[in-house]
Amino acid sequence: MGAALRRIQLGSALSAFGLGFTVPYLYVYVAQVRDLGAGTAGVVLAVFAMAALAVLPFTGRVIDRRGPLPVLVVASVVACLGAVALGFSSQVTAAVLSAAVLGAGTAVMQPALATMLVRCSDTGTRTRAFATQFFLQNLGLGIGGLVGGQIVDTERPASFTLLFLIEAVMFLVLGAISATVRMPRVPAVAAEAAGAAARGGMRVLLSHRAMVQLCVLGFVLFFACYGQFESGLAAYGTEAAGIKPSTLGIALAANTAVIVVAQFVVLRLVERRRRSRVIAAVGLIWAFAWIVAGYAGLGEGSQTMATAAMISTYALFGLGESMLSPTVAPLVADLAPESMIGQYNSAFALCKQLALAVGPAVGGPMGASLHGPYIVTFVLFSLGITVLALRLGRRLTPVQDQPSLAAVPSRVVAVSLPESASADVPARVAAVH
């Protein structure tokens with residue numbers, strides 16, 4: 001990676017490290033430490049997600065007009081203020097408003113960082129750049145959660161305030177590191193096109209069928225996986241499979257461990273394969289993961305077998321995630337016109353946030369009470385991922401579906417002409433494959 005990419009990756013990892021300090025403990029902090037109740041904690045979590053839905057529709061246009069760097073710096077400052085405010089919030093109104101500010105800031109960071117990665121990479125290096133970002137973010141979240149767990153004490157609100165202050169500092173570090181990145185200059189023609197695209201961006205995007213299909217696919221991906229981790233799947237594991245709540249922490253650790261260990265091994269396997277086929281394979285892996293979860297809830301085996309099955313489910317999801325990181329996000333960038341990269345990244349991030357908002361609302365009640373229908377529903381959703389991915393592959397160009405084809409050099413043979421003819425006839429080039 002070049003110096004710019006290295007700095008972007010470092011800042012991204014440190015911000016994820018900061019998020020890891022607070023995200024796992026947000027519910028406990030609001031409900032128990034600040035004694036605001038479970039209802040308020042649910043509202044705070046909902047507002048955190050809804051703030052992203054409020055700002056993302058406008059983020060892409062600003063990124064394309066002003067550039068991703070100033071947007072990222074402003075977003076990091078906003079997120080820092082939200083984190084500090086939440087760390088000192090002891091009243092319902094303050095907690096809700098602080099969560100909205102923090103949610104808005106962190107949501108804007110996603111498409112801004114993605115656009116910076118695109119600007120500082122090319123088709124050949126983009127797949128590895130996004131895979132590295134995913135790896136470092138998961139590593140940062142995991143380490144942040146582990147370190148934060150050693151600091152928190154429900155009897156001492158000041159320990160949670162310290163977590164939020166550390167998170168705030170990490171956001172400022174992200175902004176400071178990003179400010180030192182020398183972004184490639186956008187040509188004047190592209191800058192003018194960005195202004196025109198910003199005015200009719202949504203209409204242009206909706207007319208791009210491949211991108212619309214990818215957004216639908218992205219919604220299903222996040223709905224069937226990330227939207228279930230801490231809601232439906234957790235409820236199903238404790239209610240149907242009878243595993244202890246503490247075991248869910250082990251299962252999430254197994255998920256992170258698989259991502260960290262397998263990411264670059266998987267990357268070598270998928271780099272030279274068609275993206276649509278890789279995503280389709282993820283659907284099959286996740287369908288099998290849901291079947292394994294179904295076995296855990298049958299009650300036919302021992303409790304040890306049920307626990308092992310649930311941990312395996314989370315691990316299989318991690319394997320699928322490691323396959324998606326070098327395929328989906330780079331594909332969004334490759335589909336986007338040069339002048340609309342920010343809007344395409346923001347649109348995909350919006351679909352992700354919608355899935356993360358709808359997923360728990362649908363999966364939570366089903367996982368807690370409708371055990372059989374819950375498993376069947378998400379097996380079908382996972383198989384739907386395979387179908388949608390294969391259909392998307394038909395709308396992609398060969399290079400969009402398999403970027404490694406662009407790295408295959410063509411053997412070009414120049415055909416010389418007599419000097420008398422060369423004055424009137426342009427030189428011709430025959431490509432031999």
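At least one side-chain heavy atom of Val379 sits less than 4.5 Å from a side-chain heavy atom of Ile375. By the 4.5 Å heavy-atom criterion applied to side chains, Phe21 and Ile151 are counted as neighbours. Taking 4.5 Å as the limit, some side-chain heavy atom of Gln353 sits within range of a side-chain heavy atom of Leu356. Contact check for Ser322 versus Leu319: side-chain heavy atoms found under the 4.5 Å cut-off. Gln263 places none of its side-chain heavy atoms less than 4.5 Å from the side chain of Thr132. Using a 4.5 Å heavy-atom threshold, the side chains of Val362 and Met366 count as touching. Taking the side chain as every heavy atom from C-beta outward, Phe164 and Val84 never approach each other to under 4.5 Å. Looking only at side-chain heavy atoms (C-beta outward), Arg34 and Phe160 stay at 4.5 Å or farther from each other.
Ser98 places no side-chain N or O within 3.5 Å of a backbone atom of Ala95 that could act as its donor or acceptor partner. A donor-acceptor pair under 3.5 Å is formed between the side chain of Gln9 and the backbone N or O of Ala129. Of the possible polar contacts, none joining the Ser15 side chain to the Phe171 backbone as a donor-acceptor pair under 3.5 Å is found. In this structure, Asn138 contributes its side chain and Thr256 its backbone to no donor-acceptor pair below 3.5 Å. The backbone N or O of Pro111 lies less than 3.5 Å from no partner atom in the side chain of Ser346, so there is not a single donor-acceptor pair. Side-chain atoms of Asp401 come within 3.5 Å of backbone atoms of Arg275 as a donor-acceptor pair (strictly under, hydrogens ignored). Although no hydrogens or angles enter the test, the distance criterion places a donor-acceptor pair under 3.5 Å between the side chain of Gln228 and the main chain of Phe223. Remark: the backbone N or O of Val278 is not paired with any side-chain donor or acceptor of Arg273 at under 3.5 angstrom. Distance alone, capped at 3.5 Å, is enough to place a donor-acceptor pair between the Thr106 side chain and the Gly103 backbone. Side-chain atoms of Gln402 come within 3.5 Å of backbone N or O of Arg272 as a donor-acceptor pair.
Of the N and O atoms on the side chains of Gln343 and Asp64, at least one donor lies less than 3.5 Å from an acceptor on the other residue. Using modelled atom types, one finds a donor on one side chain and an acceptor on the other under 3.5 Å when comparing Thr115 with Asn345.
From Leu36, atom CG reaches atom CD of Gln91 across 7.5 Å, with rounding to the nearest 0.5 Å. Atom CD1 of Ile279 and atom OG1 of Thr386 lie 10.5 Å apart (nearest 0.5 Å). From Leu5, atom CG reaches atom CE of Met116 across 9.5 Å, with rounding to the nearest 0.5 Å. Distance check: Ser276 OG to Gln213 CD gives 11.0 Å after rounding to the nearest 0.5 Å. Interatomic distance, OG of Ser325 versus CG of Leu267, reported as 7.5 Å (0.5 Å rounding). Interatomic distance, CG of Leu117 versus CZ of Phe130, reported as 5.0 Å (0.5 Å rounding).
Considering all non-hydrogen atoms of both residues, Met323 and Ala281 come closest at CE-CB, 4.0 Å. Closest approach of Leu163 and Gly148 over heavy atoms only: CD2-CA, 3.9 Å. In terms of heavy atoms, Ala349 sits closest to Gln110 at CB-OE1, 4.4 Å. Heavy-atom minimum distance, Thr180 versus Ile177: OG1-O, 2.6 Å. Heavy atoms only, all atoms of each residue included: Ala100 and Ala51 are closest at O-CB, 3.3 Å. Heavy atoms only, all atoms of each residue included: Ala289 and Thr313 are closest at O-OG1, 3.3 Å.
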Would you check, one step at a time, whether the test side-chain contact (heavy atoms from CB on, under 4.5 Å) holds for Leu72 with Leu174?
CA-CA 9 Å; Leu72 180 60; Leu174 168 63; 4.2 Å; yes
Hey, mind stepping through Leu380 and Val376 against side-chain contact (heavy atoms from CB on, under 4.5 Å) and telling me if it holds?
CA-CA 6 Å; Leu380 294 176; Val376 172; 4.2 Å; yes
Stepwise side-chain contact (heavy atoms from CB on, under 4.5 Å) test for Leu233 and Trp290:
CA-CA 9 Å; Leu233 192 55; Trp290 283 109; 3.6 Å; yes
Please assess Leu388 against Leu392 for the test side-chain contact (heavy atoms from CB on, under 4.5 Å), listing each intermediate value before the final yes or no.
CA-CA 6 Å; Leu388 290 171; Leu392 174 64; over 6 Å; no
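Atom CZ of Phe264 sits in a crowded spot, with more than 12 heavy atoms from other residues, nucleotides or ligands closer than 6.0 Å.
A centroid separation of less than 6.0 Å is found between the aromatic rings of Phe381 and Phe378.
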